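Let me begin by presenting the structure, written as structure tokens, before commenting on it.
Every value quoted in this text rests on a predicted model; they were computed, and no experiment measured them. Just so it is clear: chains get the letters A, B, ... in the order the sequence lines come, proteins before strands, and each one is counted from 1.
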Amino acid sequence: MSKAALDRLVEHLRDGVISTHAHRGDETAVIDRSLIRSACLWLRDTEGLEFNMLSDLTAVDYYTMGREPRFEVVYHLHSLTLKQRLRVKVGVPEEDPVVDTVCDIWQVANWCEREVWDLYGIRFKDHPDMRRILMYEEFDGHPLRKDYPKDKRQPLYRRPQHEIDEALAGRPGSGHRPGFGPRNLLES
Amino acid sequence: MGLEATTGRLADAVAWARKYSLFTYPFATACCAMEYMSLMGPRYDVARYGAEFPRFSPRQADMLLVVGTITERQAPVLKRIYDQICEPKWVVSFGVCASSGGFYQNYTTLPGIDHVIPVDVYIPGCPPRPEQVLDALVMLQDKIQRHDGYSQRMIELEKREAQMKKKKKHGSSTETSA
Amino acid sequence: MYGSDRLRSVSAPELDEGMPTEEMVLNVGPSHPATHGTVHIKLWLDGEQVTGAQVNVGYLHRGFEKECEAHTYGENFPYTDRLNYVSPMLNNVGYALAVEKLLGVEAPERAQYIRMIVGELARLCDHLTYSAAQVAEMGAFTPFFYAIKARDFLWDILEEISGARLTHSYVRIGGVAADMPDGWVERTLATLVQVETVIKEIDTLMTRNRIFMDRMQNVAVFSKEEAISHGWTGPCLRGSGVDYDVRKDYPYLFYDRLDFEVPIGTAGDNMDRYLVRMEEMRQSISMIKQCFDQIPEGDYQLHDPRITIPPKQQSYNTIEGLINHFKIVVDGIEVPAGEAYTYIEGGNGELGFYIVSDGTGRPLKCRCRPPCFMLMTALEKLLVGHMIADLVPTFDTLNMIGGECDR
Amino acid sequence: MSEHEPTPTPELVTVKIDGKEHQLPKGKNLLEALLDLGEDISYFCYHPGLSVAASCRQCLVGIRGSMVPSCQTTVSDGLELESQSPTVLDARRQMLEFTLVNHPVDCVICDKAGECTLQRHYMDWDGKPSEIDHEKVEKPKKVDVGREIVLDAERCILCSRCVRFCQEIAESPDLVFEYRGNHETLTTAPDRRLDNSYSLNTVDICPVGALTDKDFRFKIRVWELYATRSVCNGCAAGCDTEVHHRDGRIYRMVPPKDWDMNLNWMCDDGRRTYKSVAAQRLTRPLVDGEPAELDAALAAIKERLEPLLAQDRGAIGVVLGADASNEDNFMAARMAYDFLEAGHVYLADSPDNGLGDDILRRDDPNPNRAGARGCARGDLGSSEDLARDLADHKLEALYVVGDRLDLSDETLGQLRGLKLVVVQASEPSRLTDKAHVVLPAAKWAEVHGTITRTSERAKRDLSASRFGRMRPAVEPPGMARPHWDWLKRVGAVLGVTVEFESAHAVFQEMKKQVPFFAEAQWGGKIPTVMLRFAGRRG
Amino acid sequence: MPARTKVVTVKRGLWENLYLPEIVRGLGVTLKHFFINTLGPKSKRQIVTIDYPDVVRELPERYRGVHRLNTREDGSVRCTACMMCATICPANCIHIEAGERENPASRDIEKFPQVFEIDELVCVVCGLCVEACPCDAIRMDTHVHMPPVEHRKDAVLEKPELMSRGTKSIAVDGGAGPDWRDKYTDLGSLTQIYRPDHIERDRERPARR
Amino acid sequence: MLTNYLPIVVVFAVAGGLGIALLIIARLIGPSRPNPTKMQPYEAGLEQSAPPRIRFHAQFYRVALLFLVFDIEAAFFYPWAVMFRDLSCKGSLNAAGKCTAGATPFGMLVMVAFLAILLLALVFVWRRKALEWD
Amino acid sequence: MGEIVIWALVKIAILFGFALNLSAVLTWMERRQSAMMQDRMGPVKANISGVTLWGLLHPLADALKLATKEDFVPPKAHKAIFVLAPLFAIAPVVMVFAVIPFAPPVCLKQLTAIAPRCVAPEHMQIARIDIGLLYVFAIASISVYGAALAGWASYNNYSLLGGLRASAQMLSYEITMGMALIGTFLVFGTLEPGELVLRQSTIAKWGIVQQPLGFILFFFAAIAETKRAPFDLPEGESEIVGYFVEYSGARFMTFFLGEFLEIVFVGCMVTTIFLGGWQAPGLAADGLHIFGLDLQLPHIAVVGLGLVTFTIKVFIVCFLQLAIRWSLPRMRYDQLMRLGWKGMLPASIINVIITAAVVLWMSSPVKG
């Protein structure tokens, strides 16, 4: 990670940077949601920064921590030429989960953004192909949201119940105790 | 029909042939596929049992080897392929993910392929050692020699039902004629 | 879908004029011999030529992140094993490093060397499996068996140290689960000799065979710039001629103490990706030998009551040990709130773990940056314009591992 | 003592802690003040609801070079103390080591493990193997000390919380220490047993596993449980409670750890109310005693009720339930008054039992009599009124919500003569045997909803907390549904389309319409959490 | 300082373009294997196949096989139903129902597992349960792998079966007393995870071949 | 010499019989348990994406045409090849296969001329890129 | 007439027994040989009460199993063609065996004589026709229909691709195969296989020595005709699964058997044309003369030795084919076509021209 790059970003965006930190040496900037595209372009094309690779793009759901905004989209940038890294984050509120796409800046973002949409339900504006990628189209909900119960399945196909019961002989194995457990994490 | 109706030595001979000529449809998806490779490999060499031909056409396969985690998304695919396999067929569930979902107890993983297709032999292990798979193969061979197996039972059942129906029809017609 | 405007490059334009052909639409996968692991590739074909491709991944999405969020940091090792199931040790190491970074601790030196050794052994397994699949799917079975044989030898070694052939769960936060067993070093070195022989045999059988070269060279060429834009890392990026290896550029563990070269390709075609991997195997072998020379005596695990379970006898016999044991097992390792991203050189490239902690014993988020996922983003581009048969070697050189790609 | 009474703002004085100055209220307990500051201090014997004993000496701070237990000290002007200096930390560590000297290696079987204060402090403060080679003193294990409680004297660290609780809160000095020094042992007072009606609180406040709950003992490990915040339905007090459950089964109820209206306490009887949830339950609708599908049951109601609606609405009776939530009663009342225009509306409740005391418990055993009354427009008839009306043949149809309607055999016999008796109940009873249509209802631990509580504290404190919030811990069995949902469905077949998505929607409507509930609050989002990850317990 | 990078490439000349020479070289490798394996001296043969059911390979010491439950001196199960293994098990394959001994002798442990089941079809053989056991009760060092089953319920191992593989453990319930360190110093590393000192088992286990 | 071909008829009968016998046996003794999914074509576990009755790419037809041309031409070589020695001799051949009189390039030239045309055709299609398949 | 038919049947019995058994043995050989090449054991476990016969029972099990597998015809397939395709795959291969000379001509009446001179020897080939090899090519090209029709009739995209590939590939290599042999015909001046063998009486006269390029071209073109690796594109298991995706049981076995019969047939052809057929070094009509050994043998023994020689040679060629199949990767369609049309076809034409020139030069009268 690079301190200098972070400083330059702060200098460039000024008020657009909401906060910065360098926990465990990972320089991070939380920036304004509307600035992400321009900031990414700038970070990629400016000499001395040259973040020509998007290492990773993902999102975090802070629902259980009760943080506002609820989501954060995290960009891990990497400069192959200068061997430096930077983490950029934008907060995304639950009510309006939209971020500008960066998939024309780094091609890899195409799938990564699809994945974030699939798993977190954050849409990316102007993305050319906003489809689910890991889950199936019939799937309802976004499984990595903290309020999606871990074991809520949405089967595409099942044998008739009596056949399953017969196969399991009334005992699906002790490991699979029917769990109510965390299912009602979500308030009604 | 045909041979399935006959019993005795001929059927035994056919069962013998079937058990030493298990063409496999490896529905390989995940980690277990690595062990499947090892199973094919020189070290464990499943060819010793004559089961080395992976047939990726369900028409020619005898044994559906479900290797690895089956997700909800794959369930219809698996079901489809199982349906397309020609009789007689057997299903071996390779590893705990296929057998029960293993430690993936979440929104995407099938809690065992028996929720989708019938299974003849389950192999525990994550992934199972090739030794376990060979044990399973021997077990399946025994099963075949016993003329056992889910699809066999179903054929048997359907045949009996057909006979019953026929008999009933026959019986009723005789009644009316009498 | 890529190539929706259907590049039509036909061979004899004059002959074909006025003879419009119909496109064939073909599903390759989800259950298809070429798509080891499950992926669905929908192809639009003009004769044998691919005019459009749509790659659908996700058939092996097993909810890695969701499971990680539901388990303690220590319990997550088995899940990481099954990410890139061809080189589980590397995943173990990467995950452990990420948690250690968040904790702000470092494993003892000996443990780090052991991690390097098992990591490189895992890389050998990965590349051997890659080459096995590569050649077998191109129809040459004998080298496949040789590679699997060598891999089995390596698995024996790994099993001896970890207790399992494939899903080792060997690395722990703050070290490794157990020290190297007696005589393991010698046996490993002996095995490496056998592996070297096998690599040489594969090389002889394949590398300069014209059939092989024809199918690999100038197929699926990917330029530097595109590779970078697609987030490629690892052997594939190096095949495209970019000199980037995490082990060299951001040395973790003690890779800066080892002497090794980074193999680089020139053309960025399938052949280069293959050659880079073959060379990496040789480098890995040399690295392991160097590690054995350098490895110091010492402890293989930290003894920090907040991170590692105390020695068994203490748990059995003292209330202090037992409490410590209980708290680690029940509450998990309580990682201070914060976030950290670590990256190591995995089998397929930069294997990153981005962990967000809320201060409890389980991660708030545990993201794995899957190198193959990034590689797969380019597959559609790589396929279009080539022939259907090129799908096989191209897909193989990307070395997609379902567990990692779909998680 | 920490009665939350509005006290005059205390005088702030300057205290120097580890060289840093802080403004603290004068005269406040130093430990409390330090904890409020966020200082990390360990303690065993101190409990905010009890008097100070300073027996564990774990909360040591250094004042002028000597170690003083902070819980025994009050904030005074110019106080200088060390709280995190190495000597203090070392002193605390040593105290912990002494505490552990005689503690048996018992975590494996100890029910407290996982929420044990001793465990937590060891991990926080010590973390080193013991350096004392010492044969542990043997003391009695598994002593049956009371109706609900087993004592393991070896585990006891002699903090005296339980002793103080019995004396001060339960006002029944059942526990004492005997012997002194290394052999000091907790035991029951001569000729007494730990049988007071709040005895289980000693289990909660015990920082180790010396006192364990017979009912909960060995059933499950605490960290495996999930905690859902709800309200006790044992009596009208409506104490806040945490329902601990796993896999659809409730294992125990404990008072929540945070401060609220019932302090940290709960009565023994209230803790056992969970058992009724798992009792014999109705799981399917019954029509004339026969199990029926949902649609069939609703159709039966429609078929038999519609003629009456056309003829004589005055002969329809609706019984509100004192055990149903505000929302349920609101829906029932709405149906009774607005739609059915029923001639008779009653309230089914259980009579006062006289078990109330001035700690927590109330005489009124109905969780929501007040709420049901609040929903009513005008007076509600009692069950005696109902019996009378039945005897007078004033009723043709009866719609009962809840399980509390207890009628005499004679009256039950008269129910037979009615055209339609619909009972929404959760358990089979004599009444459901007689009903034409029975709709299985969910119990309090299975639904969202609010109840109106009447504890002394509730009256005194914020009006908002007059309403307790129930949250579902387990799924209702079979086809059981919340009362309001049944009412909605019955309304739907009868032609009233009131679409409430959830109990929350009903609540909002109720709040708008009924002045009684104008100040009610739905309560915050408190998700169900696994105790293992619910933050540091102990 | 040696070179940092190494350019890998394979040149293509007439030799390669002729197909045959390299094909012959390749055939040389495979045929060499063939002839050594068929006609060569026994010592040089490279066939690595383990003829499994007939030949059983010695498994490494740390191999994680099917579970077993250790016993105490009196033959009762060591497990105290503390649920550590069930807790740490990522697959939730261990199901324990605790029971209370009716009249335990004064120093006996009153808790024991009434039901102890392991569903081997769910177990992912990660070995965490062994690591988590504070009583030396559960072990996976049986050197036996779980056999395949025909029905799912057959894979649920119950207490008697798990105990049948068990041996006496020398770890002492509730601690060996203050001088436990002295008692165990001769047993090598106390910190072995997969193989804590367990001498009896090694003595009792028949040599496999 | 038609009797020489008689065995071939026998072989034909045997070969056909063999094949048909195999298939009939299969029909008789194989079990049969159809289901709707089985009746659909296999395509890696998904439904068939498009019916396979399409117009193929022209290059396949081209191969067929080229084959016709070259195979028929090649057929002309056979008698020539057999008779080559005779054609190359002015006189008759001796026992050692040598000409008794002198050699003549007649046979050679005839065929070279023929070959030249064939090669020309090959070069033509080559240049016209009809032999490109990618 | 009747006698001819009877003789034909006898020879058919011998040759088919040989060919069919050999192909069955070949499946065993393929598996065991590849196993040996790959450092493993190969199939050994099939046994009848403990007798395993080194795994020879596995082919038997395979055959029996395949014959009793569900016989499946896809409803959408073109039924008649679907059913006929396997016949097309196997019948031509069986038929072409008719012209293979598998042993020296037999003098029926002088079986025990030494070096008899027969007037009318019984030729050990089913049909001795002058245009023997032309017949081979004519019939063999029918077998392309097997794969092509199977591919088309199955109503399956994979098999369609396989069928297309098969037809294109087999047609292309048919030409090379035909052209590669012309050199041999030039040298030997006959199309009749029996005659061809007779003319290769010493190693120096063997086709492989006379026509090394022709041999290589023919051999590889023939492998391509058998659709085996590295030319197994029509099957191309890891790409398109194969032209016989939809075939099950006995029909699939028919393809399978056809493929192995083709291997045997290639073995026979190569042996006959290039390796001197049943001719063995030193084996003369009157006995064995090799390494100074002078062994007088009765006619029947010579015939027997000839048969053994033939078998061994066929085995060796088959072995080579299998070794190639297991060692080499598969080619790509365009490369395969390029090799066929731009590599092997011109090479074979050049071979013809050079051979013709050499023959012309050789056949000119010896100066002096």
Side-chain angles (χ1 to χ4, degrees), chain B residues 25-45 47 52 54-58 61 64-82 84 95-97 101-110 125-132, chain C residues 27 29-40 56 58-67 69-71 75 78-79 81-88 125-126 128-129 132-133 136 141-142 144-153 155-156 159 164-167 169 401-403 406-407:
Chain B
Y25 187 107
F27 195 91
T29 61
C31 333
C32 288
M34 296 299 112
E35 278 295 11
Y36 176 68
M37 279 163 109
S38 254
L39 179 74
M40 303 284 291
R43 201 60 182 283
Y44 294 95
D45 196 21
E52 79 264 46
R55 294 305 323 168
F56 277 91
S57 159
L64 177 60
L65 200 55
V66 185
V67 186
T69 320
I70 303 299
T71 58
E72 293 288 359
R73 196 173 169 186
Q74 278 174 36
V77 179
L78 178 66
K79 159 80 176 152
R80 194 176 174 82
I81 283 172
Y82 173 79
Q84 289 189 337
V96 299
C97 279
F103 66 171
Y104 291 107
Q105 291 153 12
N106 55 31
Y107 58 95
T108 168
T109 314
L110 201 67
C126 186
R129 289 183 73 81
E131 277 101 332
Q132 280 167 288
Chain C
N27 288 318
S31 176
H32 187 274
T35 60
H36 52 103
T38 39
V39 60
H40 170 217
N56 292 321
Y59 282 89
L60 195 59
H61 177 58
R62 298 190 277 198
F64 167 76
E65 281 185 43
K66 198 80 174 175
E67 290 287 0
E69 287 165 17
H71 290 87
E75 288 169 24
Y79 287 101
D81 270 334
R82 288 151 182 86
L83 277 175
N84 185 337
Y85 41 72
V86 192
S87 52
C125 291
D126 178 276
L128 277 171
T129 314
F141 280 95
T142 303
F144 163 82
F145 283 105
Y146 293 163
I148 294 298
K149 178 180 75 175
R151 193 186 70 173
D152 257 322
F153 292 151
W155 279 8
D156 284 352
E159 182 178 26
R165 280 162 62 81
L166 176 59
T167 46
S169 309
I401 308 297
D406 302 342
R407 282 149 290 138

Proximity breakdown for B:T69 and chain C, heavy-atom pairs closer than 4.5 Å: both
B:F103 portion near chain C, given a 4.5 angstrom heavy-atom threshold: both
Rounded distance [0.5 Å steps], [atom1] in [X] versus [atom2] in [Y]:
{"X": "C:L60", "Y": "B:Y104", "atom1": "CG", "atom2": "OH", "value": "8.0 Å"}
{"X": "C:E67", "Y": "B:T108", "atom1": "CD", "atom2": "OG1", "value": "10.0 Å"}
{"X": "C:D152", "Y": "B:E35", "atom1": "CG", "atom2": "CD", "value": "7.5 Å"}
{"X": "C:Y59", "Y": "B:E72", "atom1": "OH", "atom2": "CD", "value": "13.5 Å"}

Between C:S31 and B:R80: side-chain donor-acceptor atoms closer than 3.5 Å: no
Option that, when pairs with chain C are counted at under 4.5 Å, heavy atom only, ranks first among B:S38, B:G41, B:P26: B:S38
Residue selection (most heavy-atom pairs with chain C, distance under 4.5 Å) from B:I81, B:I70, B:T71, B:N106: B:N106
Does any heavy atom of chain B fall under 4.5 Å from the side chain of [X], the backbone, both, or neither of them?
{"X": "C:P88", "result": "neither"}
{"X": "C:F144", "result": "side chain"}
{"X": "C:K66", "result": "side chain"}

Flag, side chain of C:R165 to backbone of B:P130, donor-acceptor distance under 3.5 Å: no
Partner residues of C:C125 under the side-chain contact (heavy atoms from CB on, under 4.5 Å) criterion, sequence neighbours left out: C:R151, C:L154, C:W155, C:L158
Options C:A70, C:P78, C:G403, C:A132, ranked by heavy-atom pairs under 4.5 Å with chain B, top entry: C:P78
Top of C:H71, C:H61, C:H40, C:E159 for chain B proximity - count of heavy-atom pairs under 4.5 angstrom: C:H61
Evaluation steps, side-chain contact (heavy atoms from CB on, under 4.5 Å), between B:R73 and C:T38: CA-CA 11 Å; B:R73 196 173 169 186; C:T38 39; over 6 Å; no
Residue pair B:M34, C:T129: steps toward the side-chain contact (heavy atoms from CB on, under 4.5 Å) verdict: CA-CA 8 Å; B:M34 296 299 112; C:T129 314; 3.7 Å; yes
Considering all heavy atoms, the nearest B:C31-C:L166 contact: O-CD2, 3.6 Å
Minimum heavy-atom distance B:V77-C:P30, with the two atoms named: CG2-CG, 3.8 Å
